[in-house]
Amino acid sequence: MEKLIITVAAIGAEVTKQDNPALPITPVEIAEEIAKCREAGASIAHIHGRDKQGYPTQNKDVYKEIIDEIKKRCDIIVQVSTGGAVGMTPQERIAPVTLSPEMCTLSTGTCNFGSDVFMNTQSNIEFFASEISKYKVMPEVEVFDYGMVFNAKNLIKKGLIPSKVNFDFVLGVPGALPGTPKALITLVEEIPQNCTWTVAGIGRYELPLSTIAIAMGGNVRVGFEDNIYYSKGVLAESNAQLVERVARIAKENAREIASPNEAREILGIGKS
Ligand code: KMH
Ligand code: ZN
């Protein structure tokens with residue numbers, strides 16, 4: 001098996017300090033938290049921006065500050081969000097990509113998102129894909145619902161995204177695919193053979209799906225964006241605590257952990 005790539009999604013757009021007081025908000029808080037996660041075994045940091053009041057923002061300057069602070073502290077791969085928060089415009093959502101970070105996300109369809117709708121029309125998806133390619137960023141395909149895999153394969157066929165890409169299966173969002181082993185296996189069977197995959201289980205699905213992915217040869221995403229608990233009713237003390245647990249399970253399964261440079265090699269970052 002390839003080495004395990006651990007992504008930490010430490011911030012998100014929906015979680016608040018009221019939900020978990022350890023949520024990092026300012027660029028310095030975020031960077032310090034990411035550096036600890038890197039130390040614990042994470043090789044990708046999936047980033048969302050927050051404004052001074054703690055609300056989600058895709059402001060380019062905020063992202064620049066976060067990225068600069070992270071780079072001062074560690075060599076982790078920065079993956080900016082193009083999902084932002086529900087209700088943001090495509091122009092808002094794409095802004096951090098213009099900083100040419102190493103990676104960004106690309107959701108390839110629309111789905112229910114709790115009581116909201118996470119809107120990704122075909123023309124907007126193609127707009128994101130062309131900007132991502134223009135700024136030479138490696139996309140990661142975010143799959144919340146089944147059809148999104150097939151849409152991603154169409155984008156590959158049209159040459160709008162690289163043919164070798166990482167798929168992130170975000171499972172357990174209310175209204176979209178459930179966080180079951182069956183859903184994960186069904187999705188893994190559909191991706192092109194040369195592609196890699198990650199699973200991000202939401203809430204209580206995070207731990208079992210991480211464990212299954214480690215055994216299957218996939219990659220794992222954990223962090224407060226997806227899950228704020230360590231165990232039932234017990235808040236996680238930090239994102240790093242969640243990363244440490246994944247690293248420990250991997251070690252017990254004799255699955256080695258990829259450094260950021262090894263993850264760059266596996267994902268083909270910096271090759272074109
Ligand atoms: N906040 C969600 C509506 C991404 O980062 O690319 C979308 C999201 C996906 O978080
Ligand atoms: Zn996100």
Next item on the list: Evaluate side-chain contact (heavy atoms from CB on, under 4.5 Å) for Ile249 paired with Val246, printing each intermediate quantity in order.
Entry: CA-CA 5 Å; Ile249 297 168; Val246 171; 5.7 Å; no

Rounded distance [0.5 Å steps], [atom1] in [X] versus [atom2] in [Y]:
{"X": "Lys72", "Y": "Glu32", "atom1": "NZ", "atom2": "CD", "answer": "10.5 Å"}
{"X": "Glu256", "Y": "Glu2", "atom1": "CD", "atom2": "CD", "answer": "11.0 Å"}
{"X": "His46", "Y": "Ile76", "atom1": "NE2", "atom2": "CD1", "answer": "12.5 Å"}
{"X": "Cys37", "Y": "Ile44", "atom1": "SG", "atom2": "CD1", "answer": "13.0 Å"}
{"X": "Asn166", "Y": "Thr105", "atom1": "CG", "atom2": "OG1", "answer": "12.0 Å"}
{"X": "Gln79", "Y": "Cys104", "atom1": "CD", "atom2": "SG", "answer": "7.5 Å"}

Is there a donor-acceptor pair under 3.5 Å between the side chain of [X] and the backbone N or O of [Y]?
{"X": "Arg221", "Y": "Val8", "value": "no"}
{"X": "Arg255", "Y": "Gly217", "value": "yes"}
{"X": "Ser231", "Y": "Val234", "value": "no"}
{"X": "Ser107", "Y": "Gly109", "value": "no"}
{"X": "Arg245", "Y": "Gln241", "value": "no"}
{"X": "Glu92", "Y": "Met88", "value": "no"}
{"X": "Lys17", "Y": "Leu23", "value": "yes"}
{"X": "Glu29", "Y": "Thr26", "value": "yes"}

Considering only heavy atoms from C-beta outward, does the side chain of [X] approach that of [Y] to under 4.5 Å?
{"X": "Thr196", "Y": "Phe167", "result": "no"}
{"X": "Arg93", "Y": "Asn120", "result": "yes"}
{"X": "Ile34", "Y": "Ile47", "result": "yes"}
{"X": "Val143", "Y": "Val170", "result": "no"}
{"X": "Ser81", "Y": "Tyr63", "result": "yes"}
{"X": "Trp197", "Y": "Glu140", "result": "no"}
{"X": "Leu177", "Y": "Phe144", "result": "no"}
{"X": "Leu235", "Y": "Tyr230", "result": "no"}

Transitively linked via ILVMFWY side-chain contacts under 4.5 Å: [X] with [Y]?
{"X": "Ile132", "Y": "Met138", "answer": "no"}
{"X": "Ile11", "Y": "Ile67", "answer": "yes"}
{"X": "Met148", "Y": "Phe150", "answer": "yes"}
{"X": "Ile5", "Y": "Val80", "answer": "no"}
{"X": "Val222", "Y": "Ile257", "answer": "yes"}

Margin query: Looking at Arg73 and Glu69, is there a salt bridge between them, counting it only when a charged N and a carboxylate O are closer than 4.0 Å?
Written below: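 Arg73 and Glu69: salt-bridged.
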
Give the minimum heavy-atom separation between [X] and [Y], together with the two atoms involved.
{"X": "Met103", "Y": "Pro139", "value": "CE-O, 4.5 Å"}
{"X": "Ile185", "Y": "Met216", "value": "CG1-CE, 4.0 Å"}
{"X": "Asn151", "Y": "Thr108", "value": "ND2-O, 2.9 Å"}
{"X": "Asn20", "Y": "Ala236", "value": "ND2-O, 3.1 Å"}
{"X": "Pro101", "Y": "Val137", "value": "O-CG1, 3.4 Å"}
{"X": "Gly114", "Y": "Val173", "value": "N-CG1, 4.4 Å"}

Note to self: Does Glu39 have more than 12 heavy atoms from other residues, nucleotides or ligands lying within 6.0 Å of its CD?
What the structure shows: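 Atom CD in Glu39 is not crowded, with 12 or fewer foreign heavy atoms closer than 6.0 Å.
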
Item checked: Neighbour count >12 (heavy atoms, 6.0 Å) for atom OH, Tyr229 ->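 Open: at most 12 neighbouring heavy atoms sit under 6.0 Å from OH of Tyr229.
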
Note to self: Assess the residue pair Lys36 and Glu33 against the criterion (salt bridge (Lys or Arg N to Asp or Glu O under 4.0 Å)); give the C-alpha distance rounded to whole Å, side-chain angles, the decisive distance to 0.1 Å, and a yes or no.
What the structure shows: CA-CA 5 Å; Lys36 286 182 195 145; Glu33 179 83 334; 5.0 Å; no

Item checked: Arg50: salt bridge (Lys or Arg N to Asp or Glu O under 4.0 Å) partners, not counting sequence neighbours ->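 Expected list: none.
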
Check: Considering residues at least two apart in sequence or located in another chain, which fulfil the salt bridge (Lys or Arg N to Asp or Glu O under 4.0 Å) criterion with Glu190?
Finding: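 Listed in chain order: Lys153.
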
Next item on the list: Run through the side-chain heavy atoms of Ile, Leu, Val, Met, Phe, Trp and Tyr, join any pair under 4.5 Å, and report what else lands in Val117's cluster.
Entry: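 Hydrophobic cluster check, Val117: joined to Met119.
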
Item checked: Check against side-chain contact (heavy atoms from CB on, under 4.5 Å), Ile228 and Val15 -> CA-CA 8 Å; Ile228 54 170; Val15 190; 3.6 Å; yes

Note to self: Suppose we screen for side-chain contact (heavy atoms from CB on, under 4.5 Å). Which residues come up paired with Ser133, at least two apart in sequence or across chains?
What the structure shows: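 Expected list: none.
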
Note to self: Applying side-chain contact (heavy atoms from CB on, under 4.5 Å), can you list everything that pairs with Asp68, at least two apart in sequence or on another chain?
What the structure shows: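 Per chain and number, Asp68 pairs via side-chain contact (heavy atoms from CB on, under 4.5 Å) with Lys64.
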
Next item on the list: Please assess Thr180 against Leu184 for the test side-chain contact (heavy atoms from CB on, under 4.5 Å), listing each intermediate value before the final yes or no.
Entry: CA-CA 6 Å; Thr180 57; Leu184 176 61; over 6 Å; no

Notebook entry, point to check: Glu142 and Leu106: side-chain contact (heavy atoms from CB on, under 4.5 Å), yes or no, with the steps?
Noted result: CA-CA 6 Å; Glu142 305 301 299; Leu106 176 65; over 6 Å; no

Notebook entry, point to check: Given Val220, which of Leu242, Leu4, Thr198 fulfils the side-chain contact (heavy atoms from CB on, under 4.5 Å) condition?
Noted result: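 When Leu242, Leu4, Thr198 are each tested with Val220, the side-chain contact (heavy atoms from CB on, under 4.5 Å) holds only for Leu4.
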
Result block: side-chain N/O donor-acceptor pairs under 3.5 angstrom for residues 200-213, not counting sequence neighbours:
| residue | atom | partner | partner atom | Å |
| --- | --- | --- | --- | --- |
| Glu206 | OE1 | Asn227 | ND2 | 2.9 |
| Glu206 | OE2 | Gly223 | N | 3.3 |
| Ser210 | OG | Glu206 | O | 2.6 |
| Thr211 | OG1 | Leu207 | O | 2.8 |

